[in-house]
Amino acid sequence: MAMMLQRKLLRRTFGEGKAILNFNSNPLLSPCTSFSTVTSAAATPFHNALRQLPPFDYQPKPYNGPSADQILEKRKKFLGPSLFYYYQKPLNIVEGKMQYLYDENGRRYLDAFAGIVTVSCGHCHPEVLNAITEQNKLLQHATTIYLHHAIADFAEALASKMPGNLKVVYFVNSGSEANELAMLMARLYSGNLGMISLRNAYHGGSSSTIGLTALNTWKYPIPEGEIHHVINPDPFRGVFGSDATRYAKDVQDHIEYGTSGKVAGFIAETIQGVGGAVELAPGYLKQVYDIVRKAGGVCIADEVQTGFGRTGSHYWGFETQGVIPDIVTMAKGIGNGLPLGAVVTTPEIANVMAQKIQFNTFGGNPVCSAGGLAVLRVIDKEKRQAHCADVGSHLIGRLRSLQDKHDIIGDVRGRGLMVGVELVTDRKEKTPAKEKTAILFENMRELGVLLGKGGLHGNVFRIKPPMCFTKDDAGTSFS
């Protein structure tokens with residue numbers, strides 16, 4: 001993949017052809033940014049040469065369903081207008097196998113975004129698929145008003161992965177639900193209302209978690225209620241560089257000047273996902289956790305994208321900062337595509353939820369629980385954490401070699417298979433290369449590589465593939 005990116009960067013000066021871009025809407029919310037021309041005839045010789053993906057022994061089934069155009073027409077008619085899609089001509093993806101996806105014509109694509117960082121083990125991984133299928137044959141649904149071993153077995157296995165006293169598990173259906181429940185726990189346990197989140201953070205799209213999110217592209221003008229956003233400890237764009245102490249002081253100042261002196265909690269991703277794969281300044285969380293706890297609050301780690309070994313160096317992202325949170329939220333990779341999320345906390349914090357009835361109809365559904373348990377077993381059995389460390393370091397090294405050669409690459413960052421490549425028009429000013437990113441994004445799809453986009457200006461490639469992604473997929477030779 002890095003090889004493809006390099007050759008395209010070498011070939012394309014962005015002066016070739018005349019791309020007419022439409023940026024009336026936000027580039028992040030509208031990754032399908034339209035242009036009349038995104039490639040030139042001069043690029044054609046490379047186009048065919050670079051289509052070849054690594055060999056893969058799988059033949060997709062013939063597809064006889066509706067076409068992409070028919071599906072798009074039906075979506076526009078019956079689904080909400082807020083839905084967006086990637087690419088000028090949206091893909092009709094009909095089949096997936098491990099790190100690859102197939103469109104309606106049987107064309108294979110390298111999935112470097114994993115369904116927005118959701119497919120952890122691989123598309124249709126046989127062991128996960130078998131666990132789901134076998135449970136489906138026996139019982140598809142039963143809530144927690146009855147007993148079923150699947151939810152208990154899954155909770156036990158998940159708790160065994162947690163450090164410290166993080167031993168009580170709540171199952172939900174998404175990351176937004178998980179973060180909303182965590183915020184409720186923090187407020188009930190602390191007796192305070194104020195929540196602290198980072199600028200550039202994304203924690204969900206529900207009416208409550210929109211408040212925690214700090215990217216204007218995802219926020220509606222509605223009351224958010226006692227949410228405070230502090231300076232983002234971003235080593236690349238942050239005002240204090242990698243100085244964790246100065247960023248932490250901003251949190252202390254905010255508590256002293258912007259609150260009653262007491263807060264309910266602090267929530268952060270260790271590597272910001274939607275915000276563009278931004279890893280927090282080293283040592284930041286350790287200092288902030290101490291500050292927040294002294295102010296009566298609890299500390300929440302959002303592991304929706306960074307969990308389950310994806311960072312390679314650690315099983316959980318927060319471990320890279322040497323901390324143990326009071327509450328951990330997770331989703332996406334926990335289910336390899338199942339609608340599944342979880343909140344894990346301490347018995348002391350969990351007890352506050354017993355004041356009233358706390359219930360989730362589908363939380364701990366037997367099919368999702370069976371699938372989630374299979375995911376944990378596959379990650380261990382196939383040593384996916386070590387694999388992410390190995391392949392990720394290889395990929396990041398290759399991308400940084402491209403950065404040395406091409407000024408448009410302002411930053412390469414991340415850990416394991418959670419990588420960001422930020423494109424700029426001016427390295428000194430760090431001006432976001434919005435238009436050029438959009439063109440390259442389309443070109444990578446044409447070459448058979450599906451990436452994500454992130455950052456406030458949509459100028460960061462998010463490379464977060466299924467954790468079975470290989471060095472061959474990353475690209476092992478350069479010219």
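The structure presented is a predicted model; accordingly, all values stated were derived computationally and were not measured. Heavy-atom basis, side chains included; hydrogens, waters and symmetry copies ignored.
Heavy atoms only, all atoms of each residue included: Leu158 and Val169 are closest at CD2-CG1, 4.0 Å. Across all their heavy atoms, Pro126 and Lys97 have their closest contact at CD-NZ, 4.4 Å. Residues Ala342 and Val172 come closest through the heavy atom pair N-CG2, 3.8 Å. When every heavy atom of Ser242 is checked against every heavy atom of Ala281, the shortest pair comes out as O-CB, 3.8 Å. Taking each heavy atom of Gly458 and Thr437 in turn, the nearest pair found is O-CG2, 3.5 Å. Scanning all heavy atoms of the two residues, the minimum distance from Asn92 to Ile71 falls at OD1-CD1, 3.4 Å.
If you check the side chains of Glu177 and Tyr170, you find no donor sitting under 3.5 Å from an acceptor. Side-chain N/O atoms of Asp234 and Asn200 include no donor and acceptor closer than 3.5 Å. Using modelled atom types and a 3.5 Å distance limit, the side chains of Thr470 and Asp473 yield a donor-acceptor pair. The closest side-chain donor-acceptor pair between Glu180 and Ser206 falls under 3.5 angstrom.
Within a 6.0 Å radius of CD1 in Ile116, no more than 12 heavy atoms belonging to other residues, nucleotides or ligands are found. Counting non-hydrogen atoms of neighbouring residues, nucleotides and ligands closer than 6.0 angstrom, the CD atom of Glu156 reaches no more than 12 such neighbours. Remark: Phe359 CZ is packed, more than 12 non-hydrogen atoms of other residues, nucleotides or ligands lying under 6.0 Å away. Within a 6.0 Å radius of CG in Leu147, no more than 12 heavy atoms belonging to other residues, nucleotides or ligands are found.
Within the 4.5 Å cutoff, the side chain of Arg237 has no heavy atoms near those of the Asp411 side chain. Looking only at side-chain heavy atoms (C-beta outward), Pro366 and Gln140 stay at 4.5 Å or farther from each other.
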Show which side-chain atoms of residues 221-232 pair as donor or acceptor with protein atoms under 3.5 Å away, not counting sequence neighbours.
residue: Glu224; atom: OE1; partner: Lys219; partner atom: NZ; Å: 3.3
residue: Glu224; atom: OE2; partner: Lys219; partner atom: NZ; Å: 2.7
residue: His228; atom: ND1; partner: His254; partner atom: NE2; Å: 3.3
residue: His229; atom: NE2; partner: Gly211; partner atom: O; Å: 3.0
residue: His229; atom: NE2; partner: Leu212; partner atom: O; Å: 3.3
residue: Asn232; atom: OD1; partner: Gln272; partner atom: NE2; Å: 2.8
residue: Asn232; atom: ND2; partner: Gln272; partner atom: OE1; Å: 3.1

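Using a 4.0 Å cut-off between a side-chain N of Lys or Arg and a carboxylate O of Asp or Glu, Lys430 and Glu422 do not qualify as a salt bridge. With salt bridges taken as basic N to acidic carboxylate O contacts below 4.0 Å, one links Lys294 and Asp290.
Ring-centre distance between Phe469 and His387: not below the 6.0 Å cut-off.
Applying the salt bridge (Lys or Arg N to Asp or Glu O under 4.0 Å) definition to pairs two or more places apart or across chains, those involving residues 365-381 are Glu127-Lys381, Lys161-Asp380. The salt bridge (Lys or Arg N to Asp or Glu O under 4.0 Å) pairs that include a residue from residues 204-217 number zero, where partners must be two or more places apart or lie in different chains.
With sequence neighbours left out, Ile396 forms a side chain to side chain contact (heavy atoms under 4.5 Å, CB included) with Arg400, Val412, Val419. Residues forming a salt bridge (charged side-chain N to carboxylate O under 4.0 Å, His left out) with Glu279 (at least two apart in sequence, or on another chain): Arg415. Checked against salt bridge (charged side-chain N to carboxylate O under 4.0 Å, His left out), Arg462 has no partners two or more places apart in sequence or in another chain. Remark: Ile151 engages Thr144, Phe171, Ser369 in a side chain to side chain contact (heavy atoms under 4.5 Å, CB included) (not counting sequence neighbours). Taking the ring-ring contact (aromatic ring centres under 6.0 Å, His included) definition, one finds that Tyr247 meets it with Phe240, sequence neighbours left out. For the salt bridge (charged side-chain N to carboxylate O under 4.0 Å, His left out) test, no residue two or more places apart in sequence or in another chain qualifies with Arg187. Evaluation of the salt bridge (charged side-chain N to carboxylate O under 4.0 Å, His left out) rule for Lys249 yields Asp253 as partners, not counting sequence neighbours. Remark: Cys121 pairs with His125, Val128, Asn336, Val375, Val378, Ile379 by the side chain to side chain contact (heavy atoms under 4.5 Å, CB included) rule, at least two apart or across chains. With sequence neighbours left out, Asn351 forms a side-chain hydrogen bond (donor to acceptor under 3.5 Å, both in side chains) with no residue at all.
A distance of 15.5 Å separates OH in Tyr100 from SG in Cys124, rounded to the nearest 0.5 Å. Of the inter-residue distances, the one linking Tyr284 atom OH with Thr270 atom OG1 reads 12.0 Å to the nearest 0.5 angstrom. Atoms CG and CG, from Asp153 and Leu376 in turn, are 11.5 Å apart once rounded to the nearest 0.5 Å. Of the inter-residue distances, the one linking Lys356 atom NZ with Leu184 atom CG reads 12.5 Å to the nearest 0.5 angstrom. Rounding to the nearest 0.5 angstrom, the gap separating the CD atom in Gln355 from the CE atom in Met353 is 8.5 Å. Atom-to-atom distance recorded for Asp326:CG and Met185:CE is 12.0 Å, nearest 0.5 angstrom.
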*Run the numbers on Tyr58 and Glu95 for side chain to side chain donor-acceptor pair (under 3.5 Å), then give the verdict.*
CA-CA 11 Å; Tyr58 183 76; Glu95 195 168 343; 2.3 Å; yes

*Given side chain to side chain donor-acceptor pair (under 3.5 Å), test Asn179 with Thr329 step by step and report yes or no.*
CA-CA 6 Å; Asn179 285 331; Thr329 62; 2.8 Å; yes

*From CA spacing to verdict: side chain to side chain donor-acceptor pair (under 3.5 Å), Asp103, Tyr109*: CA-CA 8 Å; Asp103 69 11; Tyr109 295 85; 3.0 Å; yes

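A donor-acceptor pair is defined here as one N or O able to donate and one able to accept, closer than 3.5 Å; no such pair exists between the side chain of Asn192 and the backbone of Gly194. Gln252 places no side-chain N or O within donor-acceptor distance of the main-chain N or O of Ala248, the cut-off being under 3.5 Å. A distance-only check finds a donor-acceptor pair linking the side chain of Lys167 to the backbone of Ala159 [under 3.5 Å]. Under a 3.5 Å cut-off, the side chain of His314 and the backbone N or O of Trp316 do not form any donor-acceptor pair. Between the side chain of Ser120 and the main chain of Gly333, a donor-acceptor pair closer than 3.5 Å is present. Side-chain N or O atoms of Thr213 include one that pairs as donor or acceptor with a backbone N or O of His203 at under 3.5 Å. Glu269 places no side-chain N or O within donor-acceptor distance of the main-chain N or O of Glu303, the cut-off being under 3.5 Å. Between the side chain of Arg445 and the main chain of Tyr87, no donor-acceptor pair closer than 3.5 Å is present. At distances below 3.5 Å, not a single donor-acceptor pair connects side-chain atoms of Arg310 with backbone N or O atoms of Met418.
The aromatic rings of Phe84 and Tyr86 sit tilted, their planes meeting at an angle between 30° and 60°. Note on ring orientation: taking the six-membered ring where Trp is involved, the planes of Phe461 and Phe441 are parallel (angle under 30°, cut-offs 30° and 60°).
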